[in-house]
Amino acid sequence: MHEENQRLNDEREKRLRAARRIVVKVGTTTVTGSQGELCMERIEPIASSIARLMTAGRQVVLVSSGAIGLGRSMLQLHRSRLHDLVTKQACAAVGQSLLMDAYKSLFAAWGVKVAQVLLTEDDFSNWRRYSNLRHTIEKLFGFGVLPIVNENDTVSTRELESVAPGTQFTAFSDNDRLAALVMSGLEADALVLLTNVDGLLATSSSGTGGPSTSNDPRSEIIPLVTEVTSELKTLATGPSEGGRGGMVTKLEAAEIAMSCGGTAVIANGRSSDILDRVFAGDRVGTAFLPSKRIRGKRRWIAYAAEVRGRVVVDGGAKQAITRGKGSLLTSGVLRIDGHFTAMDVISIVDRDGREFARGLANCASHDTEEALGKKITRVDKGKRGPASPVLVRRDNIVLLQKT
């Protein structure tokens, strides 16, 4: 056991020291103070560390929250006013310019130019726009510019609205997931999520069964994770104060990073030298090491694409998909929910409504319904018809859970 832990720690150090393309996400609690004002005491050390990483030849993307808080502070609004969606969007419009102005001044001291990249759900759910995003950021890297990414909260409501529990139809509902999707699109080597705790905290030894808090002396940091299990997710509940993400969203982001073949780290952004220590290979925070890598377009299908419809399949089709290497034929479809066209991403669920896979449709929903109608007619007449059309090809199917 000791040898295995040492091997994993060595791998962590090797990966982080060698990481050349990096995504750093700073949360609201790191960027702003208690009243929504910019917290220079925490942001300046992070900016200087990023500048040093870039000087050393690493490519960095900064994903930064904080615009809404800064806007609220400038407009002198009480926090309760943010329950109104339009007020949130107005605060974002005011705060985003303040945020970028602050970053421009900070990085200018190190001779680093910055670029604002505001994204919406459609930039990830559409494959062409998703690809174009990578090309743009690659060009910025070529110019030696630091891309600073945030969601365009002024026009997008997906991140600002509450997401129904259990749904998987939203590409991102917070900047943790946004940062992970940027990492995925760029095939970056490392994702660092800076927050206000030291990492993923193990259950307190008090025996209450609840998660520890960062100021609990009995708290213990989980140093290494090789699989995000359901047990880990029970340790991470509740959004962070002042922000929209919590530890659950950071675990989801880490899962995406692991699927890219990259390394993720959750660490405390209030520690002035945290980024320097992370990329020196020091054992700080919680590191997530990759196992199985999902490649390219299949990763986009699993995590970023917008689901346009749903198909309910029978047991035989589910078994062929999950245990074999079969495509999804229309003969295995029981019902179609929603409308989709060819090349749309669809959800594949079993008889009980549990989503176990996603795939890229080979034909439109109306064509599938027509094929289903013909199948029913043949069965009624006791006739055997031609081979069933392929609805989703095997190489365009991604499994979402272990079965």
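Hydrogens, waters and symmetry mates play no part in the numbers below; they use all other heavy atoms, side chains included.
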Considering residues, nucleotides and ligands other than Met74, do more than 12 of their heavy atoms fall under 6.0 Å from its CE?
no

More than 12 non-hydrogen atoms from neighbouring residues, nucleotides or ligands closer than 6.0 Å to CZ on Arg393, yes or no?
no

Side chain to side chain donor-acceptor pair (under 3.5 Å) evaluation trace for Thr341 with Asp344
CA-CA 6 Å; Thr341 62; Asp344 279 345; 3.0 Å; yes

Could you check whether [X] pairs with [Y] (Lys NZ or Arg NE/NH1/NH2 to Asp/Glu carboxylate O, under 4.0 Å)?
X	Y	result
Arg52	Asp276	yes
Arg299	Glu187	yes
Glu3	Arg7	no
Asp10	Arg12	no
Arg21	Glu138	yes
Lys25	Asp176	yes
Asp123	Arg129	yes

Applying side-chain hydrogen bond (donor to acceptor under 3.5 Å, both in side chains) to Glu231 and not counting sequence neighbours gives Thr229

For Asn132, side-chain hydrogen bond (donor to acceptor under 3.5 Å, both in side chains) partners two or more places apart
none

With Glu255 as reference, evaluate Lys233, Lys250, Arg177 under the salt bridge (Lys or Arg N to Asp or Glu O under 4.0 Å) test and give the passing residue.
Lys233

Non-neighbouring partners of Lys297 that pass side chain to side chain contact (heavy atoms under 4.5 Å, CB included), sequence neighbours left out:
Trp127, Trp300, Met343, Leu360

Answer yes or no: is there a donor N or O on one side and an acceptor on the other, between the side chain of Arg72 and the main chain of Leu77, under 3.5 Å?
yes

Are the side chain of Arg17 and the backbone N or O of Ala280 linked by a donor-acceptor pair below 3.5 Å?
yes

Is it the case that the side chains of [Y] and [X] hold a donor-acceptor pair, with the cut-off being a distance below 3.5 Å and no angle test?
X	Y	value
Ser271	Asp273	yes
Tyr303	Ser184	no
Asn268	Asn196	no
Ser347	Glu355	yes

Yes or no on side-chain contact (heavy atoms from CB on, under 4.5 Å) for Leu140 and Val117, after CA distance, side-chain angles and deciding distance?
CA-CA 11 Å; Leu140 291 172; Val117 181; 4.2 Å; yes

Between [atom1] on residue [X] and [atom2] on residue [Y], distance to nearest 0.5 Å:
X	Y	atom1	atom2	result
Asp198	Ile221	CG	CD1	5.0 Å
Asn362	Leu329	CG	CG	10.5 Å
Tyr103	Ile43	OH	CD1	4.0 Å
Asn5	Leu224	CG	CG	7.5 Å
Ser64	Asn175	OG	CG	8.0 Å

Smallest separation among heavy atoms of Arg298 and Ile397, with atom names
NH2-O, 2.6 Å

When every non-hydrogen atom of Ser49 is compared with those of Ser272, the smallest separation belongs to OG-O, 4.4 Å

For a side chain to side chain donor-acceptor pair (under 3.5 Å) check, start with the C-alpha distance between Asn150 and Gln96, then their side-chain angles and the critical distance, and finish with the verdict.
CA-CA 9 Å; Asn150 197 0; Gln96 184 62 35; 3.0 Å; yes

Find out whether the Lys NZ or Arg CZ of Lys318 is both under 6.0 angstrom from the six-membered ring centre of Phe356 and within 45° of the ring's axis.
yes

A side-chain contact here means heavy atoms from C-beta on lying under 4.5 Å apart; do Leu178 and Leu119 qualify?
yes

Please report the C-alpha distance between Thr120 and Asn152 in whole Å, then the side-chain angles of each, then the deciding distance to 0.1 Å, and finally whether the side chain to side chain donor-acceptor pair (under 3.5 Å) criterion is met.
CA-CA 6 Å; Thr120 67; Asn152 191 353; over 6 Å; no

